[in-house]
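All chains are named by letter (A, B, ...) in the order of the sequence lines, taking the proteins before the strands, and each is independently numbered beginning at 1.
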Amino acid sequence: MKILVCISNVPDTTSKINFTEGDTKFDTNGVQFVINPNDEFGLTRAMWFKEKQGATVHVANVGGTATEPTIRKALAIGADEAIRVNAEPIDGFYVAQQLAEVVKNGGYDLVIAGRESLDYNGGMVPGMIATLLDMNFVNTCTGLEVDGDTVTATREIDGGKEKISTSLPLVIGGQKGLVQESDLRIPNMRGIMMARKKALTVIEPIAVTAATTDVSFDKPAAKGAVKLIDADNIDELINLLHNEAKAI
Amino acid sequence: MADKEKDILRGGQFIVKETNCEDVFTPEDFSEEQTMMKEAVMEFNDREIIPYKARFEAKDYALTEETMRKAGALGFLGVAVPEAYDGLGMGFVSTVLTCDYISSGTGSFSTAFGAHTGIGTLPITLYGTEEQKKKYVPQLATGEWFGAYCLTEPGAGSDANSGKTTATLSEDGKSYRINGQKMWISNAGFCRLMIVFARIENDKNITGFIVEYEGDNPNGITLGEEEHKLGIRASSTRQVFFNDTVVPADNMLAGRGEGFKIAMNALNVGRIKLAAACLDSQRRILTTAVNYANERKQFKTPIADFGAIKTKLAEMAANAYAGESATYRAAKNIEDRIEMRVAAGNTHQEAELKGVEEYAIECSILKVAVSEDVQHCADEGIQIFGGMGFSEETPMEAAWRDARIARIYEGTNEINRMLSVGMLVKKAMKGHVDLLGPAQAVQDELMGIPSFETPDYSELFSEEKEMIKKLKKTFLMVAGGAVQKYGQNLEEHQQLLIAAADILIEIYMAESAILRTEKNAKRFGEDKQSVQIAMAKLYLYHAVDIIEEKGKESIISFAEGDEQRMMLMGLKRFTKYTNYPDIVDLRVEIAEKVKAENKYCF
């Protein structure tokens, strides 16, 4: 089984988010980037398939050279090879088209992408890849077993879980549940040393257009001060909720 | 090769030579691979150590052992071990950074890690025969076995060569019988191998042995109860008793009587690693303290907004920054020296030994400076937390207790202070560092008329670099005068040696902070380094004060009359700024940055 894990390079959750150029560009200054958590759950599951079922695991990312440390981390964790599509990701559709090209040329049986990335939360890419390549698709996937070409996937649905039987080739939009947080791997030192010896192929993007472009960004308004109301003063609480916060 | 040698300052030479900022290595020079290692180690600390802090504090020794095994599985124990013995054979900087970032969770783990990878493993990789290395090092590198280092005895602490443990050769000459008592042995409770120092007959120097230890087959070895300690509570620390313990003669390390040398050289490496191990604690303490200071309100104001707290945040940051700067500067010097020797045909073993030995002075300096910084940092951390800081509920209390040991082990700070100056004087006598020429030049300068011109200090750090030169003159004046006065008997004047060491230490630390910042300001821009510039200036300001005080007490102790007056005037000249920095402003700038980022962010 040949697996492609799509890796998005996203700001660490503790990063301070700022914008530049009149709030039209994300300010990467001082921002620590990591593997998108949903992708990391997928990568860890892929490593399980590699170790238990002899799968080959490649990772792919659409991004500039600045994303290479994140890609190398995936290699240090154990992916066999990496591909970087040398283009700034403009929108989900653009990224999906680039990744679909990688999948088509690489002959992958299973494509694992995170169900959404932590930065823009578009949640589009895995579905689009499946559509572009006419592959089966399971979104919000929390469990994945493969036996030959037969796949049993678990999917999160409102208030419960759904178990699905499908077949390869398949694209999943994965998330926590594929593995647990405690299963996530710290790259070991040998892995880190091996990472630089593994292939990281840089390919040029195909000529496609994005469907959307960012116009501007707004940050949420800063939280105001908290007002403490005496427990006995319910009338005042109601008054403030009604007239000031306009919550009731 | 010759050019390379010229560029690398020899150990101790910093005191007489100027270093170009381009020639120092800084944490900003970490390679992508080193950054990834750092992040992996930090993740390990965050996931495997910090969440279990309470268990470590409750003396859960088994947890320390289990965590060490996990560290072994991730390759953290083999970073410094050559690849031929199942290690990763990474450079010295990578070794130091692993020690640095793995150490802030708890001193218990940090001690176990340091004792195993440093003094528990290194004596074999540095002095072992090929057979010994093949037999023992792979198990140590992977964490299958843990090592302990048995040097200290009830009557032999700082005077390590005075141990009473004996090793007696059997009649057939095939084995030694070891008898004696060792104490304060880190990792004793879970080690499988001990490096034991014992005396053969009436030898002047002790001898090192590799001793295997299996609980099921104790071979005359018994362990005392776990010691109950102020800090590093889950570090297994026990006495070890040897009663006719039979050790194959082949397990002797290096030669007979070489033990003291092994012990000292293993400690040299241990010292810089210990300094590194005190760095991330400072970062974490400062981050925790600023988190609290930003949240905690008194008088309707976050306490981080008060000048009293800003002072603390700024000083803590500046000290940690200087510690990082000096530690990685020395680490890279050692790495370069090792590579240079390997390229010149030395075995890796010889190269590493000589490389570290070369910078023994810097290792001692770092051990003292950074261990005292972490103590101070933890102390201020408690103060920022106020009453809460005194409670076991907050992390400051344990950090403070854990920091305390760093001033004691790997050679007390008093011993290391005296060693640093003692080694420098010895190097001068051997001609490795020319102290006499520069000291004479300072003497001549003292006799001359000082320049009254106002220098142009408009360029970044021009005054600070001039100040560093003057501080070096102060050291040469004090040390030179003391050597002239006391000659071979200098070592009997411990107060003087310690004061001279303080001068030496402050110079190295302040210079390192300035060089790092200058290098980064040149490549990243002065505007991006403004806070770092403030930290380097703040550190230097305090260094100048300390040096003035220590210089004064030294000069008064050994010089009299006109000579004393002349030296005190020189001291005044050498510690005078043309433009005094406004350290109140500097502290505010540093503290505002730390507050805004809500962490140590450099």
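- The CE atom of Met36(B) sits 12.0 Å away from the CE atom of Met193(A) when rounded to the nearest 0.5 Å.
- A salt bridge links Glu43(B) and Lys73(A); the closest N-O separation between the charged side-chain nitrogens and carboxylate oxygens is under 4.0 Å.
- Only the backbone of Asp86(B) comes within contact range of chain A, with at least one heavy atom under 4.5 Å from a heavy atom of that chain.
- Using a 4.5 Å cut-off between heavy atoms, Thr35(B) does not touch chain A at all.
- Interface residue Arg185(A): only backbone heavy atoms are found under 4.5 Å from chain B.
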Exercise. After noting the C-alpha distance and the side-chain angles of Leu184(A) and Arg47(B), does the key distance pass the side-chain contact (heavy atoms from CB on, under 4.5 Å) rule?
Worked result: CA-CA 10 Å; Leu184(A) 296 179; Arg47(B) 278 174 53 177; 3.8 Å; yes
Problem set entry | Candidate pair Glu39(B) and Gln32(A), rule side-chain contact (heavy atoms from CB on, under 4.5 Å), full reasoning | CA-CA 11 Å; Glu39(B) 285 166 5; Gln32(A) 168 90 12; 2.9 Å; yes
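- Between the side chain of Arg196(A) and the backbone N or O of Glu32(B) there is no donor-acceptor pair closer than 3.5 Å.
- The part of Glu181(A) that comes within reach of chain B is its backbone (N, CA, C, O), which places non-hydrogen atoms under 4.5 angstrom from that chain.
- Separating the CG atom in Asn188(A) from the CZ atom in Phe44(B) is a distance of 12.0 Å, to the nearest 0.5 Å.
- Ala40(B) and Pro187(A) get closest at one heavy-atom pair: CB-O, 3.6 Å.
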Problem set entry | Pair Val79(B)-Met189(A), side-chain contact (heavy atoms from CB on, under 4.5 Å): steps then yes or no | CA-CA 7 Å; Val79(B) 173; Met189(A) 290 291 171; 4.1 Å; yes
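- With rounding to the nearest 0.5 angstrom, the CZ atom of Arg190(A) is 4.5 Å from the CG atom of Leu88(B).
- Lys593(B) NZ: 12 or fewer foreign heavy atoms inside a 6.0 Å radius.
- Within 6.0 Å of the NZ atom in Lys16(A), the count of heavy atoms belonging to other residues, nucleotides or ligands exceeds 12.
- Only the backbone of Ala596(B) has a heavy atom closer than 4.5 Å to any heavy atom of chain A.
- Atom-to-atom distance recorded for Lys599(B):NZ and Thr14(A):OG1 is 5.5 Å, nearest 0.5 angstrom.
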